[in-house]
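First up is the structure itself, then whatever we jot down about it.
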Amino acid sequence: MSYAIVGFGRIGQALAHAFARKNIDVTVASRRPPEALEPQARAIGPTVVAKSLREALEADTILLAVPFGEHREVAKVLPSWEGKTIIDATNAFPVPEELGGLPSSAFVAKAFTGAQLVKGFNHLGAATLATDPVVAGGHRVVFLSGEDEDATARVEALAKQLGFAPVKLGKLDEGGALVHARGRVWGPLIFQDLFKKEP
Ligand SMILES: NC(=O)c1ccc[n+]([C@@H]2O[C@H](COP(=O)([O-])OP(=O)(O)OC[C@H]3O[C@@H](n4cnc5c(N)ncnc54)[C@H](OP(=O)(O)O)[C@@H]3O)[C@@H](O)[C@H]2O)c1
């Protein structure tokens, strides 16, 4: 598996710390050129490498950490997303009317035609997500939801590799509703910093 983090702000850097902690290679990208991101990538760890957006999107698994409205711009970069897994860490808040009642990640999935999308790593504040998930005698919980069980299982394996305790919630409009916002109200699992004794 190859990994890229698109969006290298608060959440993108928090995720990069998780990869660096476990010495897992990950490329990072944003709209800025790689030279602009490289010092921060290097500061996080040697396995974190800045690339151009297009090069980063060669990875088979892409963690999306851009402002919600920007997902469309990222989606436009590739003509097809066939074979890719998108891990959607974005939140839409307050929920824009254009979603027409869809969970925000289902709306994002429509833009990435052909990809498998799993929502995850979106429920914690960036400062919390950036810290070692192995604490308090347990592993920090991340919630995963998505339509495709195989893709969710792949992201579950990655989350475990990173030291988190993944909890699968089911499909986006089922258990996944717990980690989405509705209108101006966050889902009940958003910001819940939970730990499991065994991942
Ligand atoms: N902050 C939190 O605590 C938190 C918690 C949970 C979830 N989230 C969600 O995570 C996402 C990112 O939030 P954040 O706080 O990390 O935001 P942020 O600090 O503003 O970072 C956003 C990043 O996205 C990049 N970006 C923007 N448009 C882009 C595009 N079209 N293509 C490629 N890169 C683009 C920006 O870099 P350039 O300007 O260089 O392109 C920047 O690196 C949001 O959807 C947010 O709702 C945030």
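As the structure lists them, so they are numbered: ligands from 1, and atoms in each ligand from 1. Because only heavy atoms are used, hydrogens play no part in the values below, and waters and symmetry mates are left out as well, while side chains stay in.
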Review point. Between A65 and I5, which heavy-atom pair has the shortest distance, and what is it?
Key: CB-CG2, 4.5 Å
Check your understanding: Do the side chains of D60 and M1 get nearer than 4.5 Å, heavy atoms only?
Key -> yes
Revision key, fill the gap. Going by the 4.0 angstrom heavy-atom rule, the piece of L129 near ligand 1 is neither
List the atom pairs, with distances to 0.1 Å, where a side-chain N or O of residues 40-51 and a protein N or O form a donor-acceptor pair under 3.5 Å, not counting sequence neighbours.
from: Q40; atom 1: NE2; to: Q13; atom 2: OE1; distance (Å): 3.0
from: R42; atom 1: NH2; to: E38; atom 2: OE2; distance (Å): 3.4
from: T47; atom 1: OG1; to: I24; atom 2: O; distance (Å): 3.1

Exercise for review: Check E73 against ligand 1 and report side chain, backbone, both or neither, counting heavy atoms closer than 4.0 Å.
Suggested key: side chain
Exercise for review: Taking side-chain hydrogen bond (donor to acceptor under 3.5 Å, both in side chains) as the test, write out the residues that go with Q116, two or more places apart.
Suggested key: none
Point to revise | E70 N/O to ligand 1 N/O under 3.5 Å | key: yes
Exercise for review: Hey, can you tell me if Y3 and F19 have their rings parallel, tilted or perpendicular (30° and 60° cut-offs)?
Suggested key: tilted
Study note, to complete from the structure: atom 12 (C) of ligand 1: of A56, A127, A65, the nearest heavy atom sits on A65
Point to revise | Shortest protein contact, atom 5 (C) of ligand 1 (heavy atom only) | key: L124 O, 3.2 Å
Practice item. Identify, for atom 21 (O) of ligand 1, the protein heavy atom at the shortest distance, and state residue, atom and that distance. Key: G9 CA, 3.2 Å
Revision key, fill the gap. shortest atom 38 (P) of ligand 1-to-protein heavy-atom contact is with S30 OG, 3.5 Å
Revision key, fill the gap. Closest to atom 47 (O) of ligand 1 by heavy-atom distance, out of V28, N91, V66, is N91
Exercise for review: Could you check if a side-chain atom of L78 sits within less than 4.5 angstrom of a side-chain atom of K84, using non-hydrogen atoms only?
Suggested key: yes
Review point. Would you call L172 and L102 a side-chain contact if the rule is heavy atoms closer than 4.5 Å?
Key: no
Check your understanding: Does a side chain donor of either T128 or R140 reach within less than 3.5 Å of an acceptor in the other side chain?
Key -> no
Check your understanding: Got the closest protein heavy atom to atom 22 (C) of ligand 1, with its distance?
Key -> P67 CD, 3.7 Å
Point to revise | Option set V108, I11, I5, criterion heavy-atom distance to atom 13 (O) of ligand 1, minimum | key: I11
Check your understanding: Quick check, are the ring centers of F164 and H139 under 6.0 angstrom apart?
Key -> no
Review point. Among protein heavy atoms, which sits nearest to atom 9 (C) of ligand 1, and what does the distance come to when rounded to 0.1 Å?
Key: A89 O, 3.4 Å
Study note, to complete from the structure: Residue, atom and distance of the protein heavy atom nearest atom 39 (O) of ligand 1 read R31 NH2, 2.9 Å
Check your understanding: To the nearest 0.1 Å, how far is atom 25 (C) of ligand 1 from its closest protein heavy atom, and which atom is that?
Key -> G7 CA, 3.8 Å
Review point. Numbering the atoms of ligand 1 from 1, which are under 4.0 Å from a heavy atom of F8?
Key: 23 (C), 42 (C), 43 (O)
